[in-house]
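Working notes, beginning with the structure itself.
Protein chains get the first letters and strands the later ones, always in sequence-line order, with residue 1 at the start of each.
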Amino acid sequence: MNDRNQDQALRKQLEEDSYKWGFETNIEMDYAPKGLSESIIRLISQKKQEPEWMLEWRLKAYRLWKTMTPPMWGKVRHPVIDFQDLHYYAAPKKNTAPKSLDEVDPELLRTYEKLGIPLKERAILAGVEVDENRPPVAIDAVFDSVSVATTFKKTLADAGVIFCPISQAIRQYPEMIQKYLGSVVSQGDNFYAALNSAVFTDGSFVYVPKGVKCPMELSTYFRINARNTGQFERTLIIADDRATVSYLEGCTAPQRDENQLHAAVVELIALEDAFIKYSTVQNWYPGDKNGKGGIYNFVTKRGACRGARSHISWTQVETGSAITWKYPSCVLQGEESVGEFYSVAVTNGYQQADTGTKMIHIGRNSRSTILAKTISAGKSDSTYRGLVRVLPKANGARNFTECDSLLIGNRCGAHTVPYIESKNSSAKVEHEATTSKISDEQLFFCQQRGLSKEAAIGLIVNGFCKDVLKELPMEFAVEAQQLLQVTLEGSVG
Amino acid sequence: MNNLLEIKDLHASVIEDSLENNQKEILKGINLNIPKGEIHVIMGPNGSGKSTLSYVLSGHPNYCVTQGSAIFKGKDLLSMTPDQRAAAGLFLAFQTPVELPGVNNVNFLRTSLNSIRVARGESELNAVDFLKLVREKAKTLSFSMDMLKRNVNVGFSGGEKKRNEVLQMSLLQPSFAILDETDSGLDIDALRIVAEGVNSLRSPDFSALIITHHQRLLDYIKPNYIHVLAKGRIIYTGGAELSNQLESEGYGRLLEEAL
């Protein structure tokens, strides 16, 4: 076959199985009627058996949301979303919490299998003993909105770590929820955060007590699986003084026609000398070859370095979604606190991504590092948008930012929009940016050395991203490398 | 007939957006047979089509063949993709090797060798065996471990890039190598190393097409034939002694006689 024929064959194959995780699980769903109102919020709160104060908290968010409009400053285009045309509650029908894994719907277990949850972790889900030589991974599995399986409870409980669905935490640890929920991302922070605060159905809660190093990586698999159901996850992670925790989040979603809205909120709180590492591999359905369908991903993620010398590190690999609007940020309140943001954002086809971070320096000698790698292919458009703000009291604050863009083909776009506001003359803020393109000569060179065109792109892209990928925990680093290559298949014609 | 490569009446154009009809014919009827085990040299004035020939044979997407054929090991070479040609045993040492930022040289070499091994139906080399092999090859080419650790050709000197090409060639063990001015810009020690790299591959199953401007490479590599390429055609073919004649006389007389 000559080059052109091979490309056509490749493209055809890609269209047929472009999203290999595009399937849907048949589990009976329990829907709330479409639309959003106070009575829907009361229903959600009642379904979750929440205390009265939680309902009031939600209603306050709802009232704020009604006065707000969707943000328009992102470099993303999409049809107006009719927020009254969505279901705000869907739960698997058998939602009495399972007491053991035998009670988990077998269909659901098969879904995890199809999702490619690593064997070791599937074994955990199946209740099998794991190899003691390897540090275990605990999964709080979120299927649509209700957490149905939580594992490794005992190991964590022995260490004093709380890792549970947030709906359970609301009932079980109300004083902690009342103290911390909304303390980093308030109910009125932005349009999508307000919506989430009003209607979130589940998510994860983590508390690591003083001086405890969490004995395992915490991992959650999110998955959207119901038609027309907005997905509103809420995650709250608290690392008390000198505590350490690493949290992994990964997602895939089934193929479908309608655009799906996802508006999650993640709040991290690091107290004195605490360290939180939050890693994400996001691979939601990006839409078909014509740009139809795909997830709208409007996420608010923010961490507060409250204590002195506290440290929050965000690592993200964003390959999916039709639209990504996401800025994992750090509020560096503590003296000598450290914030990090490592990001790879890949767009192909008609995907749009507007992502970046905010580093707010408040504490003296606070430091932040931003390393953002943007890869655009096909007809996609990708923007890095980042804010570094140094407040007057942040003496000796330090920031280093590096933004690199890689273009594949000549129909895509990459943009870098840095905002730097320094109100302290002793602060040092550095920004570096590069833009490059995978050249025909590079591809030809690799092909002449025996690599297929797809393998050549994978090699060059992984080389471009390796400084970010090495920040990921091992399990994710391998998955992420494969994802990058799969995402960019067919990007050169 | 035991030809490894048979080129018949090959016409090829370069595709450029800047050209009025997008195409400019460069090769205007090349006929060339390269039997197994032979080394052929192509010399000729600048702009005669030497590099174009190497690109067309290896399948560069910026060139299109408008007429003629090239049969490699009995198969239609021109219908294969560049990586298929590489798997079939064709190797091109580039005149100006490209840089691959972020791609570690040793990782690239291993990916390359394993792609070719898999295409040949052989098993992949594991990291240990590969490192042993690459260390051995690197030593004979005076290629430092530091150069293996760096990114592909990034920050390499001109001579280091050329030696990296020869290292790749000796790892991949091609049955047919095209060297496009690999000797250009090399000091005398580097030139000897490159020549040794080629000579170490010499066997009844290895052929090469060496494009050069200089007679001095041929002091180290004895070719079977020397062809003179001018204006897209081979205008003269002679033995190894032809290079001395060209070195003293230049191309003038041959060009006048031919055109």
Between [X] and [Y], a side-chain donor and acceptor under 3.5 Å:
X         : Y         : result
His213(B) : Asn46(B)  : yes
Lys326(A) : Gln316(A) : yes
Asp205(B) : Ser203(B) : no
Gln448(A) : His60(B)  : no
His431(A) : Asn399(A) : no

**Study point:** Mutual orientation of the aromatic rings belonging to Tyr55(B) and Phe444(A) [parallel < 30°, tilted 30-60°, perpendicular > 60°]
**Key:**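 Ring orientation of Tyr55(B) relative to Phe444(A): perpendicular.
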**Study point:** Spatial distance of atom CG (Asn164(B)) from atom CG (Leu148(B)) [nearest 0.5 Å]
**Key:**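 Going from CG on Asn164(B) over to CG on Leu148(B), the span is 8.0 Å.
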Review point. Just one of Phe341(A), Tyr278(A), Tyr327(A), Tyr342(A) clears the ring pair (Phe, Tyr, Trp, His ring centres under 6.0 Å) bar with Trp314(A), so which one?
Key: Tyr278(A)
**Study point:** Verdict with supporting geometry, Glu196(B) and Thr140(B), side-chain contact (heavy atoms from CB on, under 4.5 Å)
**Key:** CA-CA 9 Å; Glu196(B) 277 165 18; Thr140(B) 63; over 6 Å; no
Check your understanding: Heavy-atom count around Lys73(B) NZ within 6.0 Å, excluding the residue itself: above 12?
Key -> yes
Practice item. Using a strict cut-off of less than 4.0 Å between a Lys/Arg side-chain nitrogen and an Asp/Glu carboxylate oxygen, indicate whether Glu165(B) and Arg449(A) qualify as a salt bridge. Key: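 A salt bridge is present here (some side-chain N lies under 4.0 Å from a carboxylate O).
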Point to revise | Under-4.0 Å salt bridge between Arg367(A) and Glu340(A) | key: no
Review point. Quick one: salt bridge (charged side-chain N to carboxylate O under 4.0 Å, His left out) pairs with a partner in residues 457-470 of chain A, sequence neighbours left out?
Key: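 Matches after skipping sequence neighbours: Asp467(A)-Lys470(A).
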Report, by ascending residue number, the residues of [range] in heavy-atom contact with chain A at a distance under 4.5 Å; give 'none' if the set is empty.
range                       : answer
residues 130-139 of chain B : none
residues 92-118 of chain B  : Leu92(B), Ala93(B), Phe94(B), Val98(B), Glu99(B), Leu100(B), Pro101(B), Gly102(B), Val103(B), Asn104(B), Asn107(B), Phe108(B), Thr111(B), Ser112(B), Ser115(B), Ile116(B)
residues 150-160 of chain B : Asn151(B), Val152(B), Asn153(B)

Revision key, fill the gap. Comparing Pro174(B), Ala86(B), Ala119(B), Ala87(B) against chain A, the one with the most heavy-atom pairs below 4.5 Å turns out to be Ala86(B)
